[in-house]
Amino acid sequence: MELRSSWMVALTLTAVMVTAVTADRSNNKSGGLYWSTAEEEAQAQLQPRVDDSAVEADFDADGGFSSLDSMLQWALGHSDPDQLKEAAKEVQGLNPADLNKRRLEIKQLMEELKTPSDAQLMKVAILDLKNSSLSLEDRHRALEELLELVEPIDNANDLNKLGGLAVVIGELDHSDSETRKMAAWIIGKASQNNPLVQKQVLELRALSKLMKMVKSSFVEEAIKAIYAVSALLRNNVAGQEMFYEEAGQKLLQDIVSDSSIGNRLRIRAVVLLGDLAEFQLGNTDKDELPFFSNRIFLKSVVDLTSAADLHLQEKALIAIKSLLRLKTTEAPVFKDFCGLDAALERMRQQLQDLMVEEYHRDYAMDVESLRSEVQLIFQRKLEKVVTGLAGFGV
């Protein structure tokens, strides 16, 4: 209420001041102060007033005005004509020194009322997080503020400059699971498709902490942690190397093969697996890692095509599509050990049934298109094996 009152005073005075200092176009050609005439004031009073509710809504939504002109229009529309006339008379009586002083006072007030920049808001949130006596509620609020602020890439790049990245990483060790979850979420969002922040996070040794959090019994914490891990590894060789050094492949295998783990976390894990396999396909100069062709691991991925969750089945298919295209994976292993041919046929029948239902039809058709593509890649991989054996006279 006090802030709105300050706005009103500042804007009304500004409107009066601007009117008072406009050059006299009709009465004083040599230049000087021009005061609006009674007729002009009367005309101004006849102008339609702006709808209060519309302006209030606009003010609250934007937190300010786009230009000085819009501020003056708002002030004039919300001022009592008689009071405005009295204020004009008061300004009229000011000498040049007092007039200039009043200008400076209004300018200072307007500066104080300016909306803070994103960098300023980030600094405030970071300072709050550094306060060890901050309440848990306020700590969560500061983290939520940073989560929103780091979405633009420029802000994400500023996080470390402002000292905030190390502070957020420090929150991964907090005793409160919600705090840890929010911190991981911020790291993931800031690192998304951002090589600079990826590098900074890896240098601050946050990856191992996040990988441990993936094993958390708190579901949301684990999900946000694997989200952050995925963001750090995407198209990042250094991050992937650190991930494998920390036994990341075993972490993925444990999640994918454990049916007691919730599907949301398993979906994230199999998506990460697909990303890693796809990255390997695009970097043929690097040796393919043994775990990609581990038959037990491959079977656990193929088994996901039998999951009750169709989204999990779809993500498993995408990962299988990339795994089939790797040089070191063997078609007979997919066929004989993993049972991929039977799994694909089972999916085909399931998707046909879903296509009958209008609600599922479009999605089922998309998954069927993917399934058919995987089957084609699988058949071609098998044919290469048969052709190779024929060449050896087997």
Side-chain angles (χ1 to χ4, degrees), residues 211 213-230 233-234 248-278 291-326 329-379 381:
M211 290 174 66
M213 287 171 59
V214 173
K215 304 173 186 177
S216 173
S217 57
F218 298 99
V219 176
E220 293 303 321
E221 177 185 346
I223 289 171
K224 291 302 184 287
I226 200 168
Y227 162 70
V229 170
S230 298
L233 302 191
R234 189 161 296 124
Q249 63 271 32
K250 185 178 186 306
L251 175 66
L252 289 179
Q253 183 170 345
D254 289 345
I255 296 172
V256 169
S257 60
D258 189 349
S259 58
S260 67
I261 292 178
N263 285 340
R264 290 172 62 204
L265 185 60
R266 297 175 88 192
I267 287 172
R268 295 261 183 200
V270 78
V271 167
L272 175 54
L273 169 62
D275 284 349
L276 293 172
E278 191 67 27
F291 97 95
F292 283 128
S293 54
N294 182 299
R295 60 175 56 198
I296 294 174
F297 183 54
L298 292 175
K299 187 176 189 310
S300 65
V301 178
V302 172
D303 287 347
L304 293 179
T305 60
S306 300
D309 190 322
L310 188 58
H311 292 284
L312 181 53
Q313 291 184 37
E314 179 195 13
K315 301 307 179 187
L317 274 177
I318 293 172
I320 292 168
K321 176 183 170 182
S322 295
L323 290 167
L324 280 168
R325 293 159 59 205
L326 292 172
T329 56
E330 300 176 2
V333 171
F334 276 107
K335 182 178 185 297
D336 300 327
F337 188 82
C338 302
L340 180 57
D341 50 354
L344 291 172
E345 175 58 24
R346 186 168 53 249
M347 277 197 76
R348 187 187 67 79
Q349 295 175 4
Q350 177 192 14
L351 291 168
Q352 278 188 338
D353 293 340
L354 287 174
M355 287 179 203
V356 176
E357 304 173 24
E358 185 176 353
Y359 179 75
H360 294 108
R361 185 177 301 142
D362 290 344
Y363 184 64
M365 289 176 67
D366 289 340
V367 178
E368 170 56 24
S369 177
L370 173 63
R371 188 207 67 81
S372 298
E373 189 177 359
V374 170
Q375 185 160 28
L376 182 61
I377 295 171
F378 177 43
Q379 288 173 345
K381 197 174 182 79

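Basis for what follows: all heavy atoms, side chains included, without hydrogens, waters or symmetry-related copies.
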Discussion item. Considering only residues two or more places apart or on different chains, which pairs with a residue in residues 311-321 satisfy salt bridge (charged side-chain N to carboxylate O under 4.0 Å, His left out)?
Written reply: K321-E373

With sequence neighbours excluded, what pairs up with [X] under the salt bridge (Lys or Arg N to Asp or Glu O under 4.0 Å) test?
X	answer
D336	none
R346	none
D366	none
K299	D303

Worksheet item: Could you state the interatomic distance from CG (L273) to CD1 (I318), rounded to the nearest 0.5 Å?
Response: 11.5 Å

Item to complete: Please collect all side-chain hydrogen bond (donor to acceptor under 3.5 Å, both in side chains) contacts where either partner lies in residues 260-270, sequence neighbours excluded, each pair once.
Response: E220-R264, D258-S260

Worksheet item: Listed by chain and number, what are the ring-ring contact (aromatic ring centres under 6.0 Å, His included) partners of Y363, not counting sequence neighbours?
Response: H311

Please identify each residue that fulfils side chain to side chain contact (heavy atoms under 4.5 Å, CB included) with [X], with sequence neighbours left out.
X	value
N294	I296, F297
D341	K335, F378
E357	L354, H360
E368	R348, L351, M355, R371, S372

Item to complete: List in chain and number order the residues that pass side chain to side chain donor-acceptor pair (under 3.5 Å) with T329, two or more places apart in sequence or in another chain; answer none if no residue qualifies.
Response: K381

